[in-house]
Structure formats: structure tokens, C-alpha cells
Amino acid sequence: MKLLEFLVLPPEISEFERRYLQRVNRVALAFFALHVPVFVLVAWANRTGPWLALALTSAVLAGPAIAVHKLANPRTVSVVHGIAAMFFGGLLVHFGQGPLQIEMHFYFFCLLAMCAVFGNPMVILAGAATVALHHLVVWLVLPKSVFNYSAAWWVVAVHAAFVVLESIPACYIARSFFDNVIGLEKIVQARTAALDARNRDMRLLLDNVRQGFLTIGADGSLAKERSAAVDRWLGAPAEGDSWFDYLGRVSQSFADGSRAAWDQVRRDVLPLDVALDLMPHTLKLAGAHLQLDYRPIGASEPYEHYLVVITDVTAELAREQAEIERREAMEVFERILNDRTGTESFFDEGSRIVAGLTKAGEGDLPLVKRLVHTLKGNATLFGLDSVATLCHALEDRMAEEDRTPPPEAYGALLERWARLAGDVARIVGGRGHGIEVDEAGYVTLEKAVRRREAYGALLERVHSLRYEPVTKRFAQFAEQARRIALRLDKGDLSVIIEDNGVRIDPGTSASLWASFIHAVRNAVDHGIESPSARVLAKKAPRGTLVLRANEDEDRIVLEVVDDGKGIDWGAVRERALEQGLPVATKADLEAALFTDGISTAASVTDISGRGIGMGALAHDVRALGGQVTVESSSAGTTVRMTLPREPAPRRESVRPVAAGRGVSIEGAHN
Amino acid sequence: MSALFVRVGRHAWSAALGAWFLLILGIGAGLLARHLVALPAAEADRAGPAIAAMRTPAEQGRWLAVHVLYAECRCSQRIASHLVSTARPEAWSELVLWTGEAPPDPELQRHGFRVERTTREALALGGIESAPMLLALDPENHVRYAGGYTERKQGPVVEDRMLLERARAGAIPGLPVFGCAVSERLRVAMSSLPSVVP
């Protein structure tokens, strides 16, 4: 059975086999057609009858000719070729008779071997069977009474042996050819079909995932396969586009940044995970935020391909933003509950700053920088990180472009501020600014009235109710300073408030308080050392910040005192020289310190380093008619703001204002 | 009936190929038979006396080689070419019995062969029905050898000199005769083989 299966081909004929056999059968027919003139020539040379050769060769050729043109099954045509081949061999032996007649027999074996090209063992078997029949029929036609049987029959046996000997490997070759060449096509087709099915499944997956997947080469070349989401977001790439060309079609700046960062990946200078982390990851497109992640593909470096995963994080960011806004709304609500006046004052000042931004012209870059920096500091103070982040982005833009941002750049900030201001307005109910009086203050005033104090003294007491104790502001700055210290690994900062009962007009001092935060942030960021550095400097490991207020007849003095490392005057000198400022005297250096753009920080952070804060503080103090001085040594720094005194508020007892019940007095602010 | 014709029509070409196969097979078998078949050798008891009667006085008492050649037989023509192109054994007298329509090859006489024309019937009377055939007689006219010249039809080596040499040692069996029928009887028998060869 196995032998039969080996010799007999499977019944189905593939398209590849059909085309192949049709081609081979036609070639074989042409080959046999050439036998006619060749055999005529042989017969003429051997004087064995060229006309007979023409007739018999043509007769044999008729078989393959009919088969090629009339039979549908190409395998059957091949079998006819195999039979005809043996007939041609016999004719050659006859017409080539002579000294080389034995050699002419070789042609049988040549043709038998050639039959392997049909890839069908049955062709060879048909040829061998034809030869066998050919000899067997001789027995039938030979008159026994006449002829000598003894001679040459052993030759026939030898012929048969050789035919069998050749037929076996020829069949093997033919079947192997079928299995491995013709059949290979089936195998390839089957595997191609399997691959196609798998590709379809993968395509289905890629077309329906929400994330964008694509692969790029180490050289940035873009692979063809990618998920449908990529095309939805980025459009279709052009032929030959690299990944960065593709990105450039939607955002040239993002593409340029990505390309530059990719060079770092390729140069292998940084660890791969660090270099990949430095790739631009967030792409904004038509209101959508896309996050791009790069992952190497392979077991180990060097990686030839990378997977790019694109995720639409718009909703996630929106949720995060909504959460931030909710949290900030709560923060605002709490602050209003705890310090309505202060919160209203902050929002008033903030609104003033925001209005100032929209009115600023192109030549007002220093002003815009101060306003943005101040708003950022105060937003941080009040826990409004969203506003601080937007301000930081504006600062980055101004640093990069060195010009005031266009009006549309403020859009996000204006929108956020408007929402916050709206929240405040809803909470406070649209009421005008009021005046808060705590329980103790009320009791004191009541006692004074009962004692029938002089009118002037009573008037002073009432007037002083307008002023807020500086300790409230100091408490906020103290909280901010502690937070900054923890964030900068400066340890648990000790903040001491020495208010000395000073009260100050919240209206006129609003801009001052807006800038005051810069002195506090600078003291913590640039002044206070880390605990370990302080120990090395033989200081107490815990840094100290003092917020101090004093007053006399003519002025109010506010101080921010730290026990840090002091101002690096050498760095101030360098920065001043870079900007062409005078540096000859200490006064020059102090003046430079309060000039925009002068910072001793090595880098810009969201806390400080732009050289704006001190300039803004000096500007606002001077605007109130005051002045700012600084004293600094390795033991610490004191920033002193001296302001002209307002019509003197009554000095109250020196005690901290406790959180307690208060009374809100409605009324217009004047 | 029409379905039968349709079926027949559909298989007509297959049937034509079947007929072709049988036809060519038969023709091929006939051609093969004519290649394989060995013709009868001479009857020694008849051939010896007939040839002895043809000896010349110069050939008396000598070893005599007789080459029976048929003018229209290609194998005989090949033997004739061989005879005139090879050195002949000196101890033998050689006689060529030539039959057929065409005259003997004059080269035979020029190379010293005695050529006698004879008829096919005379040869048949002497028990010789096919050609080319070699007969070797000793000086007492005993047939030491009667048979063909080659081991196989169209064999490349004509072994007449080797056979004559061996015949001097004693009678040897004859090689098969591959060639053409000379006698009428044999010619009729050969014509019964399927072939288009006359």
C-alpha cells in the first residue's frame, strides 16, 4: 500500500502543478518533434531508410501531439510522453543500426531519466512497461519453427535488469520532485494561508484596539504594520516616511524634539531606559492628548526594533484635571472659611495680575515675567497647583522665546482663573469685602465703649479693625516654607513668627504680600542648606526661618531671616557682569540682586531660579514707597522691607491671633 | 444513442491514443524481432560437399574459408568491407560466394579473394539460407565452422579471423547469423514478422 501511495500521486492537481505540467508537456512535445529531422538524418547516414524514418517518427510523434492538445489531465499527457519516449528509443536503435547500435540503446536510459522531470513515477513506470511489452510482444509474433531462440535473449534480460535498476531511482526522483518542488508549492500555499489567517486575526486586533501600536527600527524607519488607531490620530504616512517624518506631518516641533532625543538613544551614551524616558511623551493634537511610550523589542541590546505605544490620555487627563479642580475648589472653600479676607485679597490681587497680563504689550517682558512669577508663587501658597503649573509653562515659554507670549497663550490660565474666581464669588455670595473681628477684639472694643473712652481713642479702635494682623499672612508663608523645605530635602524647617502685633492695611499691602512669597521661597531654596550640609558647616541640622514684623511711628519693617549659607556674591557678580551691570561696590551687587534675570541658581525649578522674584519684590515695595535691603553672610541672610507707615493703627497686645469665633461686619471697603 | 455518441466523442481521443499505442507497439516489436532474431546457420552435411565440389586445384588440400554474401544485405556489405580492409590469414584460401542482383564488389577480387556468383536457389540446395555466413572447411572438406561473423547483430568486432584460427584446432559452434534471408523459404518466414521494413 505504501508503495502504491508512493507511486500514485494524490488525485488533486494544484494550479501550480497544472501550470508546471502544461509547460513541461509542451516542451517535451517540442523536444520529440525535433526527433523527426534528427532520426531522418541518422537513417540517411546509416542507409537505413530516411523516408521510413520520417514516417515512423512522425507516427510516434502523433501520440504526444494528440495528448497535449486533446487531453485535459496534464498527468495523462505526461504518461503518453513517457510511452512515446521509449518508442523513440526503439526507432533510434533501428535506424542507428551499425557499429554504434549498442550505444544507441543508451538513449533509452537517457529518456527514462529525463522522465523524472514530470514529477510523476507513473510516467517512468509507463515507459518501463512499454519497453517490457515491446519485448514480450516479440515472443508473440516470432514464428518458433523458424528462428533460433538461443541467441541474444540474455541481452534482453540484461536490458530489463538495467531498465528496472534505473526505473527505481527515477521513480524516487520523480516523486521527490513532486513532493518537494511541486508539492512545496502546496506547503507554501498552506503556510501562506495559515499566515494570512493569522495576519487577518492580527489585523482585526490592531484595527479594534484603542491604543496605537507600531514598530520602528533603530534608525527610525517606520514599519508598515500598525494599528488603525495610529492612522486615525496621525493620518496615513507617505511612502518612505521615517517615524519622525510621520510625526512631522502633525507637529514639526514634536518631531524635531523626538528626532533629537532619538539620537541620544542611538548614541548609547545614556542607559537605554533613561534615554527612552527623555523622549517627548506627550503630543497634543486637535484637543486630544496622546502619550507616546517607547519599548525595545528583543532579548538584549543592541535592539534593532522598538515598539511605540500611543495612548489617548485625554479622558484620563481630563479626569485628573477635574480632580485637581475639585481639590482646589475645596482648598479655596477651606481658606475662605479660615481666612476669608486673606483669600479674597489673594483673589483680588490675582485678578489684578491676570488683568495686567492681558494688557501687557510686547515691550513689557520684564513686567509680564514679574506678574507671572508672582502669581505662580501665590498660587502655590494657596494650594492652587493648576494655576502654578500654567504660570510655570508661561515662564518656560518666555525663557525660550525671550518675548511676551501672544494673547492666546494666556487662554488656559485665564480660563482656569475665571473658574476659580467664579467659585470664590459663589461661595462668598457676591458680597463685598467685609471686616473680620475676632472675639477678643470685639470684647476689647466693647469694654472701651463701656468705659466711655475719648472719641478720638474710640475712633482709632474702630479704624484699626480694618487692618489685618500680619501674623495671618506670616502663618500662610510659614506653611509654604515648611512644605518647600520638605520638598527640597531641607528637612523639618523651623519657622518663627514675630509679628509684634503689627497690623497692616490689606488693601494697600496686597501687592506686597503677593511678592513677599518670593523672599520666603528664595530663603528656603537658596539659603537653607540640607541637614547634612548644615552639620558639616557646624550648624544645627534643622534650619530656621524667621518672619518678623516691627513698626515705629513712621514705618513698618518686615524681615525674612534665614540661617542658611548666605548669598553667593561671586555668582551675583558674574551674572551682573553678563548683563552689563555695575559690580564695583557692595551697593552695586545688592542692586544687581534685585534686578530681573539675576539668579545664582544653577537651574530653573518650579520654585525659583529665574531671577524674577527678588526683582518683583523690590518693584512692589518701591511702588509702595518703601525699599528693600539685604544683609548676608555665611551665618544667614536677612531681607528687609521697609515701608512708610499708613495712618497709625492702634498697637494691640502682642499675642498670637487664635483661631476662634469671629464676627463678620458687612460693609463697603474704603 | 446520442448520449452514447457524446460519450464516445468525449473519449474519442483517448481511444485514438490507445490505438496509436498498440500500432506503435506492434511495429516496434517487429523491428525488434528483426534485430534480435538469429537466422539459421548452414546445414553442415549438405554445405560441405557442395562447397568441396567448388574447390579449385589450387585450393585442394588447403583450409578453405567461404564467405556467403548477399548483395542487397547491409550486413553482407559490412562483411565485404571488412574482408578487403583486414589482413587475411595466409594458411587459408578464401572464397566469396556472392548472390543477389548487384554485382560483386570488385575490391574483393583486387584483394585476392576468389569470387563466385551463385544463385539463392543454389545456396539453398547447399543448405545455406541466410547471409552473411562464414564456413570453414578443413583440407578434407569437413565443415569446421558454419555460422555468423559477430556475437551480436551489428556487433562491432567481426571475428572471422579468430574463428578461422580456432577452427583449425577443431570444430567450433557457430555464432548466430544476423543478416538477411537468402532462400525463398526463409524470406517468406521473415515476411510474417510485423514490420514496415520490406
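Just so we're on the same page: letters track the sequence lines, and every chain starts at 1. Everything numeric here is computed off the predicted structure, so don't read it as measured data. Both backbone and side-chain heavy atoms feed into the values below; hydrogens, waters and symmetry mates do not.
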So, do I66(A) and W20(B) sit near enough that their side-chain heavy atoms are less than 4.5 Å apart? no
Passes side-chain contact (heavy atoms from CB on, under 4.5 Å), L31(B) versus L56(A)? Steps please. CA-CA 11 Å; L31(B) 292 176; L56(A) 287 182; 4.0 Å; yes
State whether the number of non-hydrogen atoms from other residues, nucleotides or ligands found under 6.0 Å of Y172(A) atom OH is greater than 12. no
When every non-hydrogen atom of F87(A) is compared with those of L25(B), the smallest separation belongs to CZ-N, 3.8 Å
Whether R74(B) side chain and N46(A) backbone form a donor-acceptor pair below 3.5 Å: yes
Members of residues 15-40 of chain A whose heavy atoms come closer than 4.5 Å to chain B: none
So what's closer than 4.5 Å to chain B heavy atoms on A84(A): side chain, backbone, both or neither? both
So with a 6.0 Å cut-off around CZ of R166(B), is the heavy-atom count from everything else above 12? no
Do you know which two heavy atoms are closest between Q77(B) and R47(A), and how far apart they sit? OE1-NH1, 4.4 Å
Interchain contact, L17(B) with chain A, by part (heavy-atom threshold 4.5 Å): side chain
Taking every heavy-atom pair that is under 4.5 Å apart, which of L91(A), T130(A), V60(A) has the most such pairs with chain B? V60(A)
CD (E140(B)) with more than 12 external heavy atoms under 6.0 Å: yes
Chain B contact residues among residues 68-79 of chain A, heavy-atom distance under 4.5 Å: K70(A), L71(A)
